[in-house]
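What follows is a set of notes on a single structure, which appears directly below.
Numbering of residues begins at 1 and proceeds along the displayed sequence.
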Amino acid sequence: MCTCAPRPPRAGQGREPPLTVHHLNQVLLACSLVLLVAVAAVRISSRSGLPSLLVYLGIGIVMGQDGLGHVRFDNAEMTQVIGYAALVVILAEGGLGTKWKEVRPVIAPASVLALVGVAVSVGVTAAGAHYLVGLEWRQALIIGAVVSSTDAAAVFSVLRRIPLPARVTGMLEAESGFNDAPVVILVVAFSMAGPVEHWYVLLGEIALELAIGAAIGLAVGWLGSWALKRVALPASGLYPIAVLAIAVTAYAAGALAHGSGFLAVYLASMMLGNAKLPHWPATRGFAEGLGWIAQIGMFVLLGLLVTPHELGDDIVPALIIGLALTMVARPLSVVVSLTPFRVPWAEQALMSWAGLRGAVPIILATIPMVNGVAGSQRIFNIVFVLVVVYTLVQGPTLPWLARTLRLGEDGEAADLGIESAPLEHLRGHLLSLSIPEDSRMHGVEVSELRLPPGAAVTLVVRGDESFVPLPTTMLRHGDELLVVATDPVRDAAERRLRAVAHGGKLAGWLGTDSDHGRHKH
């Protein structure tokens, strides 16, 4: 844990004085400076193509005992607890941002990849760690399980500049959300004292925990979205708090019921994220901000926990295990899982190389440390080196590979950010939206929107001017619209607005899909 020079005790006292406001101010100053440096570092990582997690780890290392800050921190148990809490927030933010229309067609292959693929990856990686590096089987299995979880945040921080086909995006997002749960169960099982249970008993426990977590997550997500749609809260700022509280409730309920809390929070958040809740842009922004804070705090803490001068002897074993994982285990797990679904080889190749490791493996590597597994410090060091080195290799090359495989899609018209506020007494909703620069809604007259009966554009804000539009008013880039829609037609009105934004005034007549905002093929 952190060791700072204590103040000398007062006369007659043998213990350290309590924390004061001065101490609190110092802590707040340090935390704010770390956050500001981390936020500035995101700009650097976006230009270099490296996932920001490496920058945050670097900040923690610089602050650590071998760096400029000389802060000693060795509390693995605290790191695990804080890491779990951060993972809950990160999974909630990821679930809220997952589009069901992209995940639904690939839910089956993504689930197989998250279960069968994890089993293949654990087996192959553990075999490599045992036979090539000489680790005993328990340590090898722990490392195999720890590094078999992918990190969507790391993947999409690199690929955000290259629009991928919806199927690839959906599979990567769903896999990263689903595979945390079985991996956590495996790591905990392998780290327990005594012999590992028979494989069929372990499989039964995994299936039961996943089933309980899925059931609780879906139930909490459905009940939460149902309630938030029907209760008009007095302030818009309460909606983001309520959504995150519901997501955390799903995790806690799933864990207390001896199920997978991680799967529960992801599924509940995905249901909330696709439920068209009021004030959704504000909620999404709030969740994204919390997700960034969770990532920054978690990676800085992991950087503090590692001791760089102790990593030298574990670099070569980490590189060997990483080669077995990257070049054999991950591609084999993708081929075994996705070939039955006839996924094209180009997409399988990208999926194989896109298995970036991030926060989850390093956090899971603290579990054997807390449980006192022999050689747990070496396990942590190997995982740390593996994540850093192979993220440095894979991260910058992912965009190049996507372009080489011709998997990048041409740019499309930007989607509309539509915010909804409930009008409780009028039994309706007030939709607000801004027309982006590349939207095909530019040049469309209000009457050509063809909104369903019960919905109407009530106000247009253009620059410093606001006015009630006529049916012949032509919309322009940068216009902000207020649309009032009754409850029965709210969804239809929103679908129509998105369709026009993507297809122009003839949307719906030329085969434009109003639900997806894409042209049908």
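Proximity of a side-chain donor or acceptor of Asp180 to a complementary backbone N or O of Leu91 within less than 3.5 Å is not detected. Although no hydrogens or angles enter the test, the distance criterion places no donor-acceptor pair under 3.5 Å between the side chain of Glu209 and the main chain of Ile185. In terms of modelled atom types and a separation under 3.5 Å, the side chain of Ser260 and the main chain of Leu263 share a donor-acceptor contact. Judged by distance alone, the side chain of Arg330 and the main-chain N or O of Met351 form a donor-acceptor pair under 3.5 Å. Ser121 contributes no side-chain N or O that, together with a main-chain N or O of Gly117, makes up a donor-acceptor pair within less than 3.5 Å. Between the Ser32 side chain and the Leu29 main chain, a donor and an acceptor come within less than 3.5 Å of each other. In this structure, the side chain of Thr125 does not engage the main chain of Val122 through any donor-acceptor pair within 3.5 Å. At distances below 3.5 Å, at least one donor-acceptor pair connects side-chain atoms of Thr326 with backbone N or O atoms of Gly322. Ser269 places no side-chain N or O within 3.5 Å of a backbone atom of Tyr266 that could act as its donor or acceptor partner. Of the possible donor and acceptor atoms, none in the side chain of Ser337 sits under 3.5 Å from a partner among the backbone N and O of Val334.
Side-chain contact between Ile90 and Met298 is present, with at least one heavy-atom pair separated by less than 4.5 Å. In this structure the side chain of Phe384 never reaches within 4.5 angstrom of the side chain of Asp314, judged on heavy atoms. Using a 4.5 Å cut-off on side-chain heavy atoms (C-beta onward), Arg167 and Glu347 make contact. Residues Leu323 and Tyr390 have side chains in contact (heavy-atom distance under 4.5 Å, counting atoms from C-beta outward). Thr283 places none of its side-chain heavy atoms less than 4.5 Å from the side chain of Leu277. Using a 4.5 Å heavy-atom threshold, the side chains of Leu186 and Leu141 count as separate. By the 4.5 Å heavy-atom criterion applied to side chains, Trp345 and Val335 are counted as neighbours. Using a 4.5 Å cut-off on side-chain heavy atoms (C-beta onward), Val373 and Met369 make no contact.
In summary, Arg104 and Glu173 do not engage in a salt bridge, as defined by a charged side-chain N under 4.0 Å from a carboxylate O. With respect to the salt-bridge test (charged N to carboxylate O, under 4.0 angstrom), the residues Glu93 and Arg284 qualify.
Note that CG of Leu272 is 11.0 Å distant from CG of Leu267, once rounded to the nearest 0.5 Å. In this structure, CD on Glu77 lies 11.0 Å from CD1 on Ile82, to the nearest 0.5 angstrom. Within the model, atoms CG of Asn75 and CG of Leu304 stand 12.0 Å from one another, a figure rounded to the nearest 0.5 Å. Considering OG of Ser149 and CD1 of Ile362, their distance stands at 11.5 Å, rounded to 0.5 Å. A distance of 6.5 Å separates CD of Gln377 from OG1 of Thr307, quoted to the nearest 0.5 Å. Note that CG of Leu172 is 7.5 Å distant from OG of Ser176, once rounded to the nearest 0.5 Å.
Ala268 is linked by a side-chain contact (heavy atoms from CB on, under 4.5 Å) to Ala250, counting only residues two or more places apart in sequence or in another chain.
Around the CG atom of Asp313, the shell of radius 6.0 Å holds no more than 12 heavy atoms that belong to other residues, nucleotides or ligands.
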Evaluate the side chain to side chain contact (heavy atoms under 4.5 Å, CB included) criterion for residues Leu401 and Leu407: first the C-alpha distance (whole Å), next the side-chain angles of each, then the deciding distance (0.1 Å), finally the verdict. CA-CA 9 Å; Leu401 180 61; Leu407 291 178; over 6 Å; no

Thr79/Phe380 under side chain to side chain contact (heavy atoms under 4.5 Å, CB included): CA gap, chis, key distance, verdict: CA-CA 12 Å; Thr79 303; Phe380 181 86; over 6 Å; no

Go through the steps for Met171 and Val343 under the test side chain to side chain contact (heavy atoms under 4.5 Å, CB included), then give the verdict. CA-CA 11 Å; Met171 280 192 289; Val343 176; 4.2 Å; yes

Can you check side chain to side chain contact (heavy atoms under 4.5 Å, CB included) on Gln348 and Trp353, steps first, answer last? CA-CA 9 Å; Gln348 290 193 32; Trp353 194 244; over 6 Å; no

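For the 3.5 Å distance criterion, the side chains of Ser191 and Asn371 fail to qualify, holding no donor opposite an acceptor. Looking at Asn179 and Ser148, their side chains never bring a donor and an acceptor atom within 3.5 Å of each other.
The shortest non-hydrogen separation linking Leu210 to Ala181 is CD2-CB, 3.5 Å. The two residues Val183 and Ala145 make their nearest non-hydrogen contact at CG1-O, 3.1 Å. Across Ile296 and Tyr56, no two heavy atoms sit closer than the pair CG1-CZ, 3.6 Å. Summarising the geometry of Leu244 relative to Ala92, their closest heavy-atom pair is CD1-CB, 4.3 Å, with the distance given to 0.1 Å. In this structure, Glu310 and Asn381 approach most closely via the heavy-atom pair O-ND2, 3.7 Å. The minimum heavy-atom distance linking Ile246 with Gly224 is given by the pair CD1-CA, 3.6 Å.
Screening Ile142, Thr366, Leu135 against Ile379 for a side-chain contact (heavy atoms from CB on, under 4.5 Å) leaves a single residue, Ile142. A side-chain contact (heavy atoms from CB on, under 4.5 Å) with Ile382 is found for one member of Ile321, Val387, Leu319 and no other, namely Ile321.
The aromatic ring centres of Phe262 and Tyr84 sit less than 6.0 Å apart. Here Tyr131 and Trp137 bring their ring centres to under 6.0 angstrom of each other.
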